[in-house]
Amino acid sequence: MLAGPSASLRSLSPFELLDVPILERIAFYLATSRLIGPPSELVPLLCTSRTINASLRFRDNHHLYSQIFYQKFDSAAVIRRLSWGRTTVECFSEELRKRSTILTRMRHRNAENFAHLQEDLWAVYLILLENDGKNMAQLRLWAKLPTWIASVIEDKCQVPREHPLSWVRDIEGTSLVLWLFWMSSDEESVKDEDSRVRNKTLTRLEPFLVHGHRFSSAYAPDAFFYLPLCAETEVAIPCTTGLPLPIARDFVHYGRKIKLAAPPLIPAALLNYVVRLEVRLDDNPLPSAVAQLPETRAQAAAMGLSLPRLTQEDIINFHFHTRTRFFGDYNGLGSERLDNEWFRTVSCYDPWAVDRPLRGIFYHLGSLTGHWNGRALIPYLQAHIDANMPNRRPPVQGVTWAHERISCVFKEHHCLIPDEPISAPAEAHGWGEDILNVWLPRRLEIKHGIDDLTLHDRETGKTVRYETYHADRENPYSRPSKMNSEWRCDLPPVSEDSQYETDDDYEEVFEQRTSGVTDIIITGETYDRESPAWGSFSFIGRVRPWDGFVVLLRRSVRERRSDLRHSF
């Protein structure tokens, strides 16, 4: 004789008697029926009964919530950048819960949420570094990212200057705000800004540019080429003319602690400033003095005018058509283009650290190769000096900027194994290397070949050959080379006893196999068609291996020499 159902089962509804996999599928489709926003549709379902709650609640069903994460947010970047120990179903479900809380705070913009500002800024910055479309949709369409950023900037500017979270004192938070401001801007949004809002933004950004030496432009002091530093330099760093040290922070990302370096402030301030200046140029007529210039280059030549000589054609092209590309202009390239920024953030937090577990690719080979157009903002010298004098501090609005067009062609030259790169000489009057000569010897002779660059240090007698990188070739060098950018992960078992592992419990190491490149030299020259207007210049620079920081030196070329030899 068969036994009947137990009393407990008889008390359950048919819905409660469904198998857990079926309940999970129902919950998944309910939570993802609307792509935008946290899975708030689950709340009524979880409140249906204790039985349903026990089957679907967060702490007992990480698989369900990780699947919801995959549907609502981008995951390709984190899977590509992190190990399996940081990309488990538990990690993704925990990240879903954290992001839902943060997105809700952003959307509501309550005053009490200012206490969570630093956490929210970091979370949004990392979300954007992983953006392949879904992340930005969540932030822009549901959390109202542009409105939230505007309110954060307004709040930070309203608190007293002495307050730790003020616009000028909270370097970490301000840097993150400015990067988010830039990453969420596009040509249309900047053009649609009210002119009063745009002018206020320019006024707020100017102090960072005028006093730029006080803020970070890179992840480590620019005076140093060889990093990590030895312990003996620590005391001397504040006395150098290099940039400030990076700001490091511990943060919980995908349910596990990670150490981060705040992104440099000055590049973000400059980008936000320049695109708004360029919009103002669209609405401003040309100065009346432009009408006195020759109309075209041919007319200037016919008049026998000496070079360089600007024409109306040159001014119009620069004034109305030379524009900075926005962050969103590169969205078609996906999150892979931001891998460099991610790896700098997670591994450039300490210039003395020898072990950097998450060290990755900081510079993609060939990044600078090609044609470049842009503008340089050059402050009028005396006003700039006066604004930075400690005894007399005129307003930064008194500093005006000259605009100069930069038009050039860059080439990359790579030192390949087994050759040893040219040495970076020590700076004569302080710590570090010679940054004023782009970390290159002063008595350096450079000879350009068709496929190479030969550097000869007359001080040491050392000669090094650098291969010119040709991005359009299957083999970018003139000689055979093996390039490899694969990754290897060494990861011990993960303890399940705690939610966030300590450094002793959890370690991971990513190691990039060698690409064969030990050093990168950049050379460049002004476009031939732009030289008659803006002058002829040559460029030389170097890429710092530690973080991919590029330094360039520009020199005026008064006459072209047939052997293309230059001494620096």
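Sequential numbering from 1 along the given sequence is applied to the chain's residues.
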Novice: How about OH on Tyr380, more than 12 heavy atoms from neighbouring residues, nucleotides or ligands closer than 6.0 Å, or not?
Specialist: no
Novice: Checking side-chain polar atoms at under 3.5 Å, does Asn388 have a donor or acceptor matched by the opposite partner on His211?
Specialist: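 Present: a donor and an acceptor within the cut-off.
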Novice: Kindly confirm or rule out a cation-pi arrangement of Arg554 over Phe537, judged by NZ or CZ under 6.0 Å from the six-membered ring centre and within 45° of its axis?
Specialist: yes
Novice: For Arg375, is there an ion pair with Glu404 - N to carboxylate O distance below 4.0 angstrom?
Specialist: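 Here Glu404 does not pair with Arg375 in a salt bridge, since their nearest N and O are not under 4.0 Å apart.
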Novice: With a cut-off of 6.0 Å (strictly less than), are more than 12 heavy atoms of other residues, nucleotides or ligands near CG of Asp250?
Specialist: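 Above 12, so yes.
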Novice: Measuring centre to centre across the rings, with the benzene-like ring taken for any Trp, is Trp167 within less than 6.0 Å of Phe208?
Specialist: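 Close enough - the centres of the two rings lie under 6.0 Å apart.
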Novice: Scan side-chain atoms only and decide if Arg276 and Asn199 contain a donor-acceptor pair under the 3.5 Å cut-off.
Specialist: no
Novice: Thinking salt bridges, do Asp282 and Arg323 make one under a 4.0 Å N-O criterion?
Specialist: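 Between Arg323 and Asp282 there is a salt bridge, with a charged N closer than 4.0 Å to a carboxylate O.
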Novice: Among Asp120, Leu260, Val177, Leu180, which residue satisfies the side-chain contact (heavy atoms from CB on, under 4.5 Å) criterion with Tyr125?
Specialist: Leu180
Novice: Are Phe225 and Trp546 an aromatic pair, judged by ring center distance below 6.0 Å?
Specialist: no
Novice: Determine, for Phe73 and Arg99, whether the Lys NZ or Arg CZ falls below 6.0 Å from the six-membered ring centre while staying within 45 degrees of the axis.
Specialist: yes
Novice: So with a 6.0 Å cut-off around CD of Gln158, is the heavy-atom count from everything else above 12?
Specialist: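 Check passes, neighbour count above 12.
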Novice: Consider only side-chain N and O atoms of Thr322 and Asn373, and report whether a donor and an acceptor are under 3.5 Å apart.
Specialist: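 No.
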Novice: Is the closest side-chain heavy-atom distance between Met106 and Lys144 below 4.5 Å?
Specialist: no
Novice: Between Arg169 and Thr174, is there a side-chain donor-acceptor contact under 3.5 Å, judged purely by atom types and distance?
Specialist: no
Novice: Centroid separation under 6.0 Å, is that true for the rings of Phe92 and Tyr254?
Specialist: yes
Novice: Would you find more than 12 non-hydrogen atoms of other residues, nucleotides or ligands less than 6.0 Å from Lys200 atom NZ?
Specialist: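 No - once you tally the heavy atoms of other residues, nucleotides and ligands closer than 6.0 Å, there are 12 at most.
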Novice: Starting from the C-alpha separation in whole Å, work towards a yes-or-no answer on side-chain contact (heavy atoms from CB on, under 4.5 Å) for Leu440 and Ile521.
Specialist: CA-CA 10 Å; Leu440 289 172; Ile521 299 293; 3.9 Å; yes
Novice: Are the side chains of Asp547 and Tyr363 in contact, using a 4.5 Å heavy-atom criterion?
Specialist: no
